[in-house]
Amino acid sequence: MEWSAGRTQVNSWNEWDPLRHVIVGRATDCHIPPNEPALEAKVPEDSDMRGMWGKRPQESIDRGNELLDGFAALLEARGIRVDRPDPIDFSQPVTTPDFHTGSQFGCMPPRDVLLTVGHEMLEATMSYRCRWFEYLCYRPLMQRYFEEDPRFRHEAAPKPRLTDADYHKDYLSEKIGVEKRLQWAADKHFVTTEEEPLFDAADVLRFGRDLVVQHGFTTNQKGIEWLRRHFPDHRVHAVNFPGDPYPIHIDATFTPLRPGLILNNPQRRLPEGQREMFHRNGWEIVDAAQPAHNSPPPLCYSSTWLSMNVLVLDPKTVCVEKSEVYQAEQMDRLGMEVIPVELRDAYAFGGGLHCCTADVYREGGCEDYFPKA
Ligand code: GLY
């Protein structure tokens with residue numbers, strides 16, 4: 001069925017087909033949550049955020065929203081329909097029979113929570129206690145899509161219990177050191193245990209019939225197995241990136257731009273054995289350009305590699321953060337038209353241009369890009 005702006009259709013099979021409808025997150029009421037096992041492992045050891053919690057400064061929230069609204073307006077001006085989540089009161093604690101934590105997080109980034117595969121949008125289990133209720137911010141949109149698109153499948157993965165058994169205790173120390181973290185990452189010893197299936201949607205990249213999923217802090221092997229059973233018509237591939245001492249979310253590490261071309265973070269190269277399926281099928285994996293910054297902005301969870309967290313609008317057009325001049329130059333050399341988008345002051349809310357969006361509709365169907373098994 002052809003795309004029409006007035007009729008909601010959920011359909012997106014990959015990261016690059018022409019984008020027509022997308023969700024863009026909001027910074028409203030975003031909190032730095034209190035410490036919990038998953039955060040203890042993730043917040044960089046030298047981060048200015050250690051030991052802090054509470055609502056983020058209002059002026060940073062206003063600035064974040066200004067940039068996110070600007071990005072939404074830019075997409076709309078290109079004819080892309082943009083929807084936004086409804087923030088809840090993130091100062092509310094999260095209490096279940098299994099755990100309690102003092103506040104929630106926010107409704108940035110939608111990419112972490114929602115995985116769109118074809119006509120389905122799947123709410124991820126999530127792996128942080130403070131993000132347990134984040135799906136509620138998207139429920140008004142999910143309800144609307146359900147009413148408007150008879151093919152839409154709204155799914156939610158089993159809510160995890162997130163007891164202490166979900167987290168390895170040796171990660172619960174402020175001083176582990178990068179060397180030990182890299183060894184643990186190489187050994188696939190991550191903060192999450194195999195107690196129950198866990199995944200964040202931002203650990204999944206969609207390549208038509210193939211889903212590529214990062215095994216790391218936020219997605220465990222049981223989570224990958226759950227995805228395999230949930231999508232029986234797909235091939236689900238587990239990957240890991242040993243050079244990343246804080247491996248959460250795949251989209252500042254591995255970035256497909258179009259059929260046959262992927263950018264890979266040069267500090268987090270895909271291991272040789274895991275490249276075979278790409279090479280056998282004629283895909284090129286090239287090192288991403290260096291970030292333009294030496295450090296992330298204040299109160300930011302992410303690394304400087306949000307430089308490669310780009311949003312592909314179609315196989316020839318890509319949104320790149322405005323200050324990431326080296327990444328933009330590389331895109332230009334790779335034959336992409338670059339749309340610069342100012343977003344750096346919103347990075348602290350959880351990510352860059354790919355993170356802050358979730359696909360609703362891209363043109364095209366489910367292709368097989370890896371026919372040579
Ligand atoms: N995984 C997100 C980052 O590199 O910061």
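Whatever order the structure lists ligands and atoms in, that order sets their numbers, starting from 1.
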Phe190 backbone acceptor or donor facing His168 side chain under 3.5 Å: yes

Determine whether the side chains of Glu15 and His354 contain a donor N or O and an acceptor N or O closer than 3.5 Å. yes

Under 3.5 Å, is there a donor-acceptor pair linking the side chains of Arg268 and Thr253? yes

If you measure from each non-hydrogen atom of Arg268 to ligand 1, which part falls under 4.0 Å: side chain, backbone, both or neither?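 Side chain only; the backbone of Arg268 stays clear of ligand 1.
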
With backbone taken as N, CA, C and O and side chain as the heavy atoms from C-beta onward, which portion of Ala252 lies under 4.0 Å from ligand 1: side chain, backbone, both, or neither?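 Near ligand 1, Ala252 shows its side chain, while the N, CA, C and O stay back.
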
Atom 3 (C) of ligand 1: nearest protein contact (heavy atom, Å):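 Checked against all protein heavy atoms, atom 3 (C) of ligand 1 sits closest to Ser303 OG, 3.4 Å.
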
One finds that the ligand 1 atoms under 4.0 Å from a non-hydrogen atom of Ser302 are 5 (O)

Under 4.0 Å from any heavy atom of His249, which atoms of ligand 1 are there?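 Answer for ligand 1: 1 (N).
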
So which of Asp251, Asp17, Asp359 actually passes salt bridge (charged side-chain N to carboxylate O under 4.0 Å, His left out) with Arg206?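 Per the salt bridge (charged side-chain N to carboxylate O under 4.0 Å, His left out) rule, the option paired with Arg206 is Asp359, out of Asp251, Asp17, Asp359.
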
Can you tell whether the side chains of Arg229 and Glu225 come within less than 4.0 Å, N to carboxylate O? yes

Quick check: Ile248 and ligand 1, any N/O pair under 3.5 Å apart? yes

